[in-house]
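Residue numbers begin at 1 in each chain, while the letters A, B, ... track the order of the sequences.
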Amino acid sequence: MPTRFWRASGRIDSDDSRAMTQFPDDYDPAEVESRLQQRWLDEETYRFDGDANDPDTAYVVDTPPPYPTGELHIGHALNWSYMDFAARFHRLQGDDVLFPQGWDCHGLPTEVKVEENEGIQRTDVPRDEFREMCVEHTRHQIDSMKETMRELGFSQDWNAEFRTMDPEYWGKTQQSFVEMADDDLVYRDEHPVNWCPRCGTAIADAEVEPIDREGTLHYVTFPGVDNDDIEIATTRPELLAACVAMAVHPDDERYDGREDDTFEVPLFGHEVEVVEDEDVDQEFGSGAVMICTFGDKQDVTWWAEHDLDLRAVFTEDGHLNGEAGDYAGLTIDEAKEAVADDLDAEGYLNDTEPTEQSVGACWRCDTPIEILSKEQWFVEVDKEAILERAEEVEWIPEHMHQRLVEWTEGMDWDWVISRQRVFATPIPAWECADCGHRHIATADETPVDPTEEPPAVGACPECGSDDWTGETDVMDTWMDSSITPMHLSGWPLDIDLDEFEPVSLRPQGHDIIRTWAFYTLLRTGELTGEKPWENILINGMVFGPDGNKMSKSRGNTVSPEEAVEEYSADAARQALALGGQPGSDVQFQWKEVKSASRFLTKLWNIVKFAAGHFDEDTPDIADPAYRDADDWIRSKATRVASDVEAEMEAYRFDAALRELREFAWNDLADDYVELAKGRLYNGRPGERDAARKTLYDVVSAVTRMLAPFSPHLADEIWQYLPGTEGSVHTADWPALDAYDEDVEARGEVIAEATREIRAWKSANGYPLNADLDDVELYFDPGSEVENVDTYDLSETINAPARVREGRPNVELVPVDVDGDDSEIGPEFRGDAGIVLQALNEADPAVIQAQKNSGDTITLEADGEEYELDADWVTVEEEYRAEGGEEVAVVETEFGTVLVYP
RNA sequence: GGGUUCGUGGUCUAGUGGUCAUGACGUCUCCCUUACAAGGAGAAGGUCGGUGGUUCGAAUCCGCCCGAACCCA
């Protein structure tokens, strides 16, 4: 086999199992991470070769296709880390994991960027040429984001990469459009839509963001026709020409009996009538408002409800049209000023005042949107069906479900899916130039660009003409991304719509619940009749080290590349995992990355120590004579593996990693390794083998469990462990099967005795490795553990250590009394507090005497007598060395330790 | 204005009714003991935002108040 990867030392071929003697002293993350990343790619370690549509064997991640901005930020890193933890964990569980990567290419920002880079307007060049420029630009953006994904060690299968701008993908978008049209879920109609005057396109509700700004409230007199004038308040005088009615609240006494009164619109002269509507805010301004077509969504509601005229005054590019008379041709802002001035000059303007207002703006360019009535393509929104499917999905965390419910319930318009742009999926439809009939493509003629090709149908089915005009409108990009689960499951080549099974996991941020999650529930749900996914994992946002939202202007941004360069991808990933439980926002903290990095070094050193005692036969050592310490760590490792597994299954990455780290550091490194050293260095062969085998099994288990979080270090360690093949990422979850409660209790005694004696040495000025004359362990009466194997303890504390029967030959002093709350509470109810207090104040010696002489304890408090079961009360006793004795007494959980220095 | 989430030692964080509240970072003391000083052994540090209630018992459940973030109008 050719040698492909060389370490800096040039001596090791990573394809070979490395001998223990070669274990490097130091871990060099920069070198290891990039080398392993290359190796995973070369060997296609994460290649998916299962059946994506088989829910019994496949674990499919509905990976977000990010918008190719060219920059993978730290929020992406959190989102993708969660996916990677889940994907890697499920691989270790033996599932067929499909972790793909898509790119949501289409959209306005790219068009704008390309126009900027090329110094052109999109209309300056032919559509296909402009589109090609966008594709080219997008390729570069994707490459740069992929590089960061690679540096972070994410385990996508790049064979499953998809780009929505590829015809193979957008053909599917078109096909899904056709399917929905066949079910009458897509229609074309004239309806008021949100319109961005700068981008020159319709946008959906989800694309409108509120922005706060200072406006001016104008008080304007509307002269009455054969009745009294009424003053209205408006922030938008430029809409006067579009005024079609005046509205007041039915309960507003100021306007009693004014319904149907007629008024003349100032400056423009047309007449409007008063309507009454409960939605009018009496507190605002004069309590009378003008209804225009359209100032905002409220106007649309009133317009429809009261069956008003339509007077449109805005053009698609944000100017006033001929309806506005003298003001035609002005921009909206110019008109606002000009109309206000003229109102003032003509005496209609009574007053103005500044006011805070919230206006809808285009989420891509922040330009305030207008509402225009336009003929557009719509997708029907079936709120009930969406809510029902959302209910079937498991939301993590659960409360994020509420966000979707609220958004869905608040939807009042269907989804406008047509955009008057270029770089997007073409709407596969044509209009007959002769009779106006609209024809939608059939599924088998997709992908098709109707501006380039005529429909397969040939002649118009209505009039027989073959003069077609291709639809130039394109689709909302969410039409592309809302079918990702279907795409991943192999539709339409491998499965039909009715064969679709929900994929395993949808991971995404809460900022796109109202878009990506909503539209996927709508589209994939409607098309397949199924919920799109089993679980949806919502991640929080990543805040800067100062606790604020990251922003360039605040200067508190941290890029994934920075964190990787400063420490390592493995450390950065751990820091993100521990930042909080999934769903909560994560404050990025360098100290977390640093402490993770230290843990990596620590683990490397643990393995370096362990590896020094391994040889090729270590994994196969059969039936070794385990001592208590071995059984203890084996049992604990078994329990940790089961706990970590449960946490990972529940997507509690923080809890899983925390438990794993504490086990590796506290139990394995601080306790077990220290206990086993005596046998490893000086034990007879049989004694050594038990410790070697134990060390091997536990190190191997820890390495595998850490692999989802820190895939590089884990895989590098794996290469050095004897008996391993290939990558740790193709290994199995640890199965030690050594859980034993009794043995764990015995091990705790040994570990605690070790700690206590070390603490005693520390407190008394002895070096940790000081020899002691003798150590005696006495168990408390009734202790669960009655004997332990002191061999390892003895080696570790450098002293003979024995378990002694009976009581230590020193003075025994009862020092404290404790009552069991969970027994005394329910028994004495309201008096429990008194009883507990009496117990605390009682003389421990008296209580002890009562315990010794019978099964009950009698207490007196507040003149009452209380009788307690003796088992509910614990008397704490301490042994005290008598003066002049050469012995120290150490109290522990399990009993008493006498130390003879 | 409606809704959701959150408030735990200096900082970040775990903990949904039961004895001394978890861990990390930071701080202090001692120690270079043959895996690791990016380490080891110890220590100090918290009225669990405030308040009222439910309960024998509340960081945990409920009400109100204060503060923060997000979603919606």
Please determine, for the side chain of [X], which listed nucleotide ([options]) has the closest atom?
{"X": "A/Glu592", "options": "B/C70, B/G42, B/C12", "result": "B/C12"}
{"X": "A/Ala759", "options": "B/G42, B/G26, B/U5", "result": "B/G42"}
{"X": "A/Asp585", "options": "B/A69, B/G40, B/U11", "result": "B/A69"}
{"X": "A/Glu406", "options": "B/C56, B/G3, B/A14", "result": "B/G3"}
{"X": "A/Lys608", "options": "B/A69, B/A38, B/C36", "result": "B/C36"}
{"X": "A/Asp670", "options": "B/C72, B/A69, B/G40", "result": "B/G40"}
{"X": "A/Lys594", "options": "B/G18, B/G26, B/U11", "result": "B/G26"}
{"X": "A/Arg755", "options": "B/G3, B/U33, B/G42", "result": "B/G42"}
{"X": "A/Ala832", "options": "B/A69, B/C12, B/C56", "result": "B/C56"}

Pairing partner (Watson-Crick or G-U wobble, both distances under 3.5 angstrom) of [N]:
{"N": "B/G67", "result": "B/C6"}
{"N": "B/C56", "result": "B/G18"}
{"N": "B/U29", "result": "B/A41"}

Using a cut-off of 4.0 Å on non-hydrogen atoms, how would the nucleic acid contact of A/Ala669 be classed: base, sugar-phosphate, or nothing?
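A/Ala669: base contact, heavy atoms under 4.0 Å.
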Please determine whether a side-chain nitrogen or oxygen atom of [X] lies at a distance below 4.0 Å from atom OP1 or OP2 of [N].
{"X": "A/Lys297", "N": "B/A73", "answer": "no"}
{"X": "A/Gln574", "N": "B/A24", "answer": "no"}
{"X": "A/Trp872", "N": "B/G18", "answer": "no"}

How many whole angstroms separate atom CE of A/Met541 from atom C1' of B/C71?
12 Å
